[in-house]
Protein chains: 2
Amino acid sequence: MPTVRVTVMLKPGVLDAPGQAILAGLRALGYPVEGARVGKVVELAVPEALRARVDEMCERFLANPLIETWTVEEPEAVR
Amino acid sequence: MPTVRVTVMLKPGVLDAPGQAILAGLRALGYPVEGARVGKVVELAVPEALRARVDEMCERFLANPLIETWTVEEPEAVR
């Protein structure tokens with residue numbers, strides 16, 4: 001069963017509260033990180049016939065196209 | 001400022017409730033996906049001097065080593 005990896009990130013400019021929290025946390029621990037953005041990753045086991053519809057799944061369900069972008073990585077790219 | 005991408009996934013066998021919810025949602029929409037696992041991705045802008053400590057940051061703060069694994073991707077691999 002091929003596995004595809006979908007990565008969903010907030011668009012630039014959209015407030016990323018978890019990212020801000022991680023940034024503050026790392027700095028509080030003594031790591032002078034300059035920026036942090038948080039997104040989600042979904043690894044899907046999709047039948048071959050469904051592979052072409054992954055982008056459609058992202059647009060309809062996995063991401064909010066208004067505020068998020070997504071990338072789909074092919075099986076060979078997934079570790 | 002180099003950017004590194006940290007991907008945190010639950011270890012195999014750890015209950016992934018968001019993944020189960022996504023699986024059920026995709027199936028309800030008519031996509032016969034066979035499996036879904038959800039993780040988080042953190043893109044960090046780190047000074048060069050801090051690059052070697054990203055793994056330490058993951059272990060201490062970004063992930064829970066008991067139930068999660070993480071991978072760190074180098075700048076050239078980040079889109």
Side-chain angles (χ1 to χ4, degrees), chain A residues 1-12 16 18-63 68-75 77-79, chain B residues 1-12 16-63 68-74 77-79:
Chain A
M1 181 73 57
T3 298
V4 297
R5 172 176 293 204
V6 174
T7 305
V8 181
M9 301 294 293
L10 286 167
K11 288 183 180 175
D16 175 13
Q20 292 302 106
I22 282 177
L23 184 62
L26 285 172
R27 285 180 174 167
L29 285 172
Y31 303 105
V33 173
E34 301 274 335
R37 300 283 289 172
V38 174
K40 65 181 171 186
V41 54
V42 185
E43 287 184 355
L44 295 172
V46 290
E48 199 55 62
L50 202 61
R51 175 60 191 87
R53 298 180 71 196
V54 171
D55 201 64
E56 177 189 320
M57 288 185 239
C58 292
E59 187 163 3
R60 284 186 69 191
F61 186 68
L62 296 175
E68 292 172 324
T69 58
W70 61 89
T71 55
V72 179
E73 286 169 281
E74 296 295 325
V78 174
R79 288 161 304 258
Chain B
M1 182 72 58
T3 299
V4 298
R5 173 176 292 205
V6 174
T7 305
V8 181
M9 301 294 293
L10 286 168
K11 288 182 180 176
D16 176 13
Q20 292 301 106
I22 282 177
L23 185 61
L26 285 172
R27 284 180 175 167
L29 285 171
Y31 302 104
V33 173
E34 301 275 335
R37 299 283 289 172
V38 174
K40 65 181 170 185
V41 55
V42 185
E43 287 185 354
L44 295 172
V46 290
E48 200 54 63
L50 202 61
R51 175 61 191 85
R53 300 180 71 196
V54 170
D55 201 63
E56 179 188 319
M57 288 186 239
C58 292
E59 186 161 3
R60 286 186 67 191
F61 186 68
L62 296 175
E68 293 172 323
T69 59
W70 60 89
T71 56
V72 178
E73 286 170 282
E74 297 295 325
V78 173
R79 286 160 305 254

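Just so we're clear, the structure is a prediction, and the values are computed from it rather than from any experiment. Below, chain A is the first sequence line, B the second, and so on; all start at residue 1.
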Of all heavy-atom pairs between V41(A) and K40(B), which one has the smallest distance, and what is that distance? CG1-N, 3.8 Å
Taking all non-hydrogen atoms of both residues, which atom of R60(B) and which atom of L29(A) are closest, and how far apart? NH2-CD2, 3.5 Å
Heavy-atom proximity to chain A below 4.5 Å, by part of L50(B): side chain
Greatest number of non-hydrogen atom pairs under 4.5 angstrom with chain A, of V54(B), V38(B), D16(B), V8(B), falls to V38(B)
Rounded to the nearest 0.5 Å, what's the gap from CD on E43(A) to OG1 on T7(B)? Could you check? 9.0 Å
As an exercise, state the distance from CD of E34(B) to OG1 of T3(A), rounded to the nearest 0.5 Å. 10.5 Å
Any idea which of A36(B), A49(B), P18(B) has the most non-hydrogen atom pairs under 4.5 angstrom with chain A? A36(B)
Residues in salt bridge (charged side-chain N to carboxylate O under 4.0 Å, His left out) with E56(A), at least two apart? R53(A)
Going from CG on L62(A) to OH on Y31(B), what distance comes out if it is rounded to the nearest 0.5 angstrom? 9.0 Å
Heavy-atom pair with the smallest gap, counting every atom of P47(B) and V33(A): CD-CA, 4.4 Å
Between atom CE of M57(A) and atom CG of L26(B), what is the distance when rounded to the nearest 0.5 Å? 6.0 Å
